[in-house]
Amino acid sequence: MSNDDFFKRLALALKERENPVDLKPCIIGKVVELSPVTVQTGEENILLVEDEELQLSEWFKFRCNIDSTGALSSSVPSSLESAKSVTETHSYTGAACTMPEAISYLAQAIQAVTSELLNLKCELANGDYVIIASLEETDKFVILDKV
């Protein structure tokens, strides 16, 4: 089967699907209140209120709780130079020990992961922008993520 045939068959299969026609595209909203979470959508100034027509996705809730205690972030060494300053030689060969570089490399990896964890914290604040998608139910929306 050639690529052209494949793409024609794929296009026909997608066209024949019974896709819902009343779903709206994802939109960007602005948080205007935190309790309950209230989001203003676009220029229309429509307010969506949590537990009425707005829900927080489970993935969003999960991400917001990653390292919420700060325990993961607090254990990262602040300086990588202490590992590199260790000078040792192997007793048998007299060659320089590479362990300080290995420790430094691991510390850099830990710092990179920690900064990623900190980026995942997603506490909402007034003025934050969020991605909202419509659900199959009429006039029901879900916050997918913070922009």
Side-chain angles (χ1 to χ4, degrees), residues 1-88 96-147:
M1 175 188 324
S2 71
N3 283 344
D4 291 339
D5 291 339
F6 171 76
F7 288 115
K8 285 178 185 175
R9 288 179 60 191
L10 178 62
L12 286 172
L14 291 174
K15 190 174 183 179
E16 291 173 357
R17 288 186 348 181
E18 292 183 22
N19 293 322
V21 294
D22 60 342
L23 291 181
K24 301 162 196 76
C26 289
I27 53 177
I28 304 293
K30 183 178 179 180
V31 176
V32 293
E33 192 173 323
L34 296 176
S35 185
V37 175
T38 305
V39 175
Q40 177 183 12
T41 62
E43 300 167 5
E44 300 173 18
N45 293 329
I46 296 172
L47 296 177
L48 304 173
V49 180
E50 182 181 13
D51 294 331
E52 290 180 21
E53 57 274 325
L54 184 65
Q55 298 174 9
L56 298 175
S57 71
E58 291 303 315
W59 170 244
F60 185 74
K61 290 177 188 176
F62 172 76
R63 280 192 47 229
C64 289
N65 291 321
I66 290 177
D67 197 22
S68 59
T69 64
L72 294 173
S73 311
S74 64
S75 61
V76 176
S78 59
S79 172
L80 304 176
E81 296 307 315
S82 61
K84 291 182 180 177
S85 67
V86 175
T87 56
E88 293 183 6
C97 180
T98 57
M99 188 56 76
E101 285 78 22
I103 293 170
S104 177
Y105 177 79
L106 289 172
Q108 287 174 348
I110 291 169
Q111 281 185 330
V113 168
T114 300
S115 64
E116 288 298 317
L117 286 172
L118 291 174
N119 290 335
L120 285 176
K121 286 185 182 179
C122 50
E123 297 169 359
L124 289 176
N126 283 334
D128 284 347
Y129 289 92
V130 291
I131 300 171
I132 302 170
S134 64
L135 298 174
E136 289 186 19
E137 291 179 59
T138 307
D139 299 327
K140 296 287 182 182
F141 298 85
V142 63
I143 292 180
L144 298 176
D145 210 342
K146 186 174 162 182
V147 178

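Just so it is clear, the values below take in all heavy atoms, side chains as well, and ignore hydrogens, waters and symmetry mates.
- Atom NZ in Lys30 sits 12.5 Å away from atom OG1 in Thr41 (nearest 0.5 Å).
- Applying the salt bridge (Lys or Arg N to Asp or Glu O under 4.0 Å) rule to pairs touching residues 48-58 yields Glu58-Lys61, sequence neighbours excluded.
- In terms of modelled atom types and a separation under 3.5 Å, the side chain of Ser134 and the main chain of Phe141 share no donor-acceptor contact.
- Annotation: side chain to side chain contact (heavy atoms under 4.5 Å, CB included) contacts of Lys140 (sequence neighbours excluded): Leu135, Glu137.
- Among residues two or more places apart in sequence or in another chain, the side chain to side chain contact (heavy atoms under 4.5 Å, CB included) test is passed with Ile28 by Tyr129, Ile131, Val147.
- With values rounded to the nearest 0.5 angstrom, Leu34 atom CG is found 7.0 Å from Leu124 atom CG.
- Separating the CG atom in Leu54 from the CD1 atom in Ile132 is a distance of 6.0 Å, to the nearest 0.5 Å.
- A heavy-atom distance below 4.5 Å is found between the side chains of Thr38 and Val49.
- Listed here is the closest heavy atom pair of Leu47 and Val32: CD2-CG2, 4.0 Å.
- When the side-chain hydrogen bond (donor to acceptor under 3.5 Å, both in side chains) test is applied to Gln40, the partners found at least two apart in sequence or on another chain are Asn45.
- Contact detail for Ser57 and Leu144: the closest heavy-atom pair is OG-O, 3.8 Å.
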